[in-house]
Amino acid sequence: MSVLRVGNASGFYGDRFDAMREMLTGGPLDVLTGDYLAELTMLILGRDRLKNPDAGYARTFLRQLEECLGLAHERGVKVVANAGGLNPAGLADAVRALADRLGISVRVAHVEGDDLTAAHPGTLAAHAYLGGFGIAECLRAGADVVVTGRVTDAALVTGPAAAHFGWQPTEHDRLAGAVVAGHVLECGAQATGGNYAFFRDGDVRRPGFPLAEVHADGSCVITKHDGTGGFVDVGTVTAQLLYETGGARYAGPDVTARLDTVRLTQDGPDRVRIDGVRGEAPPPTLKVGLNRLGGFRNEVAFVLTGLDVEAKAALVRAQMEPALGGVADVRWDLVRTDRPDAGTEETASALLRLVVRDPDPEKAGRALSGAAVELALSSYPGFHVLAPPGKGAPYGVFEAAHVPQDAVDHVAVLHDGRRVPVAPAKDTAVLEAVPEPPPPPPLPPGPARRAPLGLVAGARSGDKGGDANVGVWARTDEAWRWLAHELTADRLRELIPEARDLPVTRHALPGLRALNFVVEGILGEGVAAQARFDPQAKALGEWLRARHLDIPEVLL
């Protein structure tokens with residue numbers, strides 16, 4: 001059968017608004033996908049739904065369709081998006097109303113069954129991660145637009161591919177290939193040079209969005225429309241493959257993809273072929289994301305300028321202590337951005353960040369803010385803050401749970417109103433770690449030089465609940481021979497002091513010349529809790545690349 005061209009126009013709720021039009025007008029497509037959901041987004045949508053029961057979906061998607069639904073219809077492009085969030089039925093109705101108002105005849109379907117909030121009292125939103133076969137049912141029945149709630153990001157590609165090629169749930173290798181393609185596409189321009197360690201390799205001022213040419217055997221080519229910015233090479237695809245993953249087994253509701261079987265080949269300018277992906281039966285359980293309100297949070301950043309920075313910090317901490325005695329969680333961080341004999345006041349200044357969290361909005365709000373404001377004329381010389389402290393803001397907590405696959409009523413609601421149950425996977429396998437592969441032969445002894453790791457390796461990091469993953473890859477075989485021996489879990493703990501007392505698991509992926517580290521608990525209760533300066537660990541990999549090691553001179 002023909003190649004299926006699947007594009008992406010959104011990597012998160014708030015991504016580039018014009019991307020949908022750019023993808024529809026930039027070149028041929030069969031399916032246009034959009035990923036609008038993240039752990040934090042589900043919390044945001046949950047709060048929206050508290051205010052309005054009819055809300056709970058990504059409103060940006062509707063505004064994009066208002067401009068682009070006619071274009072998609074004219075070009076015969078199917079639109080598949082998880083923008084339904086907590087209310088996919090509501091979004092489907094809104095899309096139908098929009099189509100009627102625009103005079104465009106489109107068939108709109110949706111997928112539901114992921115909402116398990118009622119079964120998890122105390123949560124704001126509890127949603128299972130569904131697979132792609134509900135999407136496939138909608139498309140096979142003739143839908144032009146399919147909206148879903150919480151499905152896996154890769155399901156936006158596995159669903160259309162299964163519908164187009166007629167794949168069955170037991171065709172694990174083909175499904176695994178589509179999962180890998182979906183994982184590469186899901187974060188939009190991250191596959192085309194966005195947020196890329198070696199961004200100076202191309203022009204990334206306005207990277208285009210990616211697309212995958214998916215073949216019937218599950219292999220694909222990652223590319224982008226001609227004439228768009230950014231670039232696609234083995235490095236950009238490797239970086240995205242490592243993003244927010246763990247070990248060699250990448251589990252999902254439809255299939256477990258073996259990342260240690262992925263082969264990447266440069267297939268021409270801005271074209272990377274992915275093949276060789278092997279698949280295994282999925283786990284017998286589905287992941288469930290549990291979002292709840294954790295309490296209230298507030299922050300004050302004191303600016304400490306010039307001399308005696310540490311003494312100034314000690315003074316203000318002592319002055320604030322009486323107001324903080326009953327607060328549940330207090331965190332102070334002194335960020336030394338100051339320089340001696342600085343040429344500007346800003347570069348002569350350090351920041352002392354105070355972050356508090358408490359179930360009581362009063363303790364995290366006016367009690368803290370009032371105490372900080374009262375110091376304005378009675379504290380360290382040069383006292384000022386980055387912004388006036390305000391009242392406490394609610395924060396969320398994310399947890400992951402698991403339920404049996406058959407505990408979820410996965411349903412495809414077709415464009416004509418028919419409800420088609422989607423059976424859970426019958427062939428399952430309990431997820432087990434892959435044994436560590438043997439390392440490559442080490443480099444021969446030779447002179448070394450103290451230098452940043454980033455001169456020979458790229459990295460990309462991200463969040464998974466309270467954990468962070470840091471994927472590190474070498475650009476050459478020689479660098480891989482050094483990296484595989486040098487960057488152990490203990491070495492990473494040395495380079496990232498925050499991780500010294502935390503569990504760190506290293507996963508080797510020799511086919512990608514990569515190591516993937518999972519650092520458990522470094523993000524506390526998840527991104528919404530904002531327990532860390534970089535709450536989503538987006539720059540953790542870049543910090544690691546900036547750390548200095550003894551690197552063989554032959555690599556530099």
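Computation of the quantities below employed the complete heavy-atom set of this structure, encompassing side-chain atoms and omitting hydrogens, waters and symmetry-equivalent molecules. Model, not experiment: these values are computed from the prediction.
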In terms of side-chain geometry, is the basic nitrogen of [X] or [Y] positioned less than 4.0 Å from the acidic oxygen of its partner?
{"X": "R331", "Y": "D333", "result": "yes"}
{"X": "R491", "Y": "E486", "result": "yes"}
{"X": "R475", "Y": "D201", "result": "yes"}
{"X": "D467", "Y": "K464", "result": "no"}
{"X": "D267", "Y": "R273", "result": "yes"}
{"X": "R460", "Y": "E542", "result": "no"}

Search all heavy atoms of [X] against all heavy atoms of [Y] and return the closest pair with its distance.
{"X": "R545", "Y": "A459", "value": "CD-N, 3.6 Å"}
{"X": "A364", "Y": "L368", "value": "O-CD2, 4.3 Å"}
{"X": "L502", "Y": "R493", "value": "O-NE, 3.2 Å"}
{"X": "V472", "Y": "A457", "value": "CG1-CB, 3.9 Å"}
{"X": "L523", "Y": "D463", "value": "CD1-CB, 3.3 Å"}
{"X": "T228", "Y": "G208", "value": "CB-CA, 3.8 Å"}

Can D35 and N8 be counted as having a side-chain donor-acceptor contact under 3.5 angstrom?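 Not at all, the side chains of D35 and N8 share no donor-acceptor pair under 3.5 Å.
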Would you say [X] and [Y] make side-chain contact, with heavy atoms under 4.5 Å?
{"X": "P394", "Y": "R47", "value": "yes"}
{"X": "W543", "Y": "E498", "value": "yes"}
{"X": "L555", "Y": "W482", "value": "yes"}
{"X": "V272", "Y": "V184", "value": "no"}
{"X": "K538", "Y": "D534", "value": "yes"}
{"X": "V151", "Y": "D114", "value": "no"}
{"X": "Y250", "Y": "T256", "value": "no"}
{"X": "W480", "Y": "W473", "value": "no"}

Short question: side chain of [X], backbone of [Y] - any donor-acceptor pair under 3.5 Å?
{"X": "N291", "Y": "F398", "value": "no"}
{"X": "N469", "Y": "S461", "value": "no"}
{"X": "D358", "Y": "A328", "value": "yes"}
{"X": "N516", "Y": "T245", "value": "yes"}
{"X": "S349", "Y": "E345", "value": "yes"}
{"X": "Q405", "Y": "P253", "value": "yes"}
{"X": "S369", "Y": "G390", "value": "yes"}
{"X": "T347", "Y": "A342", "value": "no"}
{"X": "R481", "Y": "P441", "value": "yes"}
{"X": "K312", "Y": "T305", "value": "yes"}

[atom1] ([X]) with more than 12 external heavy atoms under 6.0 Å:
{"X": "E553", "atom1": "CD", "result": "yes"}
{"X": "R278", "atom1": "CZ", "result": "no"}
{"X": "E310", "atom1": "CD", "result": "no"}
{"X": "E494", "atom1": "CD", "result": "yes"}
{"X": "R205", "atom1": "CZ", "result": "no"}
{"X": "L556", "atom1": "CG", "result": "yes"}
{"X": "R339", "atom1": "CZ", "result": "no"}

Could you check L386 against V300 for side chain to side chain contact (heavy atoms under 4.5 Å, CB included), going step by step and ending with a plain yes or no? CA-CA 8 Å; L386 281 185; V300 185; over 6 Å; no
Nearest 0.5 Å please: distance from the [atom1] atom of [X] over to the [atom2] atom of [Y].
{"X": "L515", "Y": "L492", "atom1": "CG", "atom2": "CG", "result": "10.0 Å"}
{"X": "D233", "Y": "T238", "atom1": "CG", "atom2": "OG1", "result": "8.0 Å"}
{"X": "I222", "Y": "T236", "atom1": "CD1", "atom2": "OG1", "result": "9.0 Å"}
{"X": "D153", "Y": "E244", "atom1": "CG", "atom2": "CD", "result": "8.0 Å"}
{"X": "L43", "Y": "L290", "atom1": "CG", "atom2": "CG", "result": "12.0 Å"}
{"X": "L487", "Y": "D490", "atom1": "CG", "atom2": "CG", "result": "11.0 Å"}

Using the six-membered ring of Y380, assess whether NZ or CZ of R317 lies under 6.0 Å from its centre and within 45 degrees of the ring axis. no
Geometric cation-pi criterion, R16 with F209: 6.0 Å, 45°: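 Relative to the ring axis of F209, which defines the angle, R16 lies outside at least one limit.
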What pairs of residues pass the side chain to side chain donor-acceptor pair (under 3.5 Å) test when at least one of them lies in residues 501-513, not counting sequence neighbours? E436-R506, D477-R513
Check salt bridge (Lys or Arg N to Asp or Glu O under 4.0 Å) between D360 and all other residues, then give those that pass, not counting sequence neighbours.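 Expected list: none.
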From CA spacing to verdict: side chain to side chain contact (heavy atoms under 4.5 Å, CB included), D329, V355: CA-CA 8 Å; D329 183 42; V355 178; over 6 Å; no
How are the rings of Y13 and Y36 set relative to one another: parallel (under 30°), tilted (30 to 60°) or perpendicular (over 60°)? perpendicular
Begin with the C-alpha distance, continue with both residues' side-chain angles, and end with the deciding distance and a verdict on side chain to side chain contact (heavy atoms under 4.5 Å, CB included) for M42 and L37. CA-CA 7 Å; M42 298 298 280; L37 301 184; 3.9 Å; yes
Option passing side-chain contact (heavy atoms from CB on, under 4.5 Å) with R353 (candidates F302, F533, W332):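 The passing option is F533.
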Would E280 and H172 satisfy side chain to side chain contact (heavy atoms under 4.5 Å, CB included), going step by step from the backbone distance to the final call? CA-CA 6 Å; E280 298 171 344; H172 295 144; 5.7 Å; no
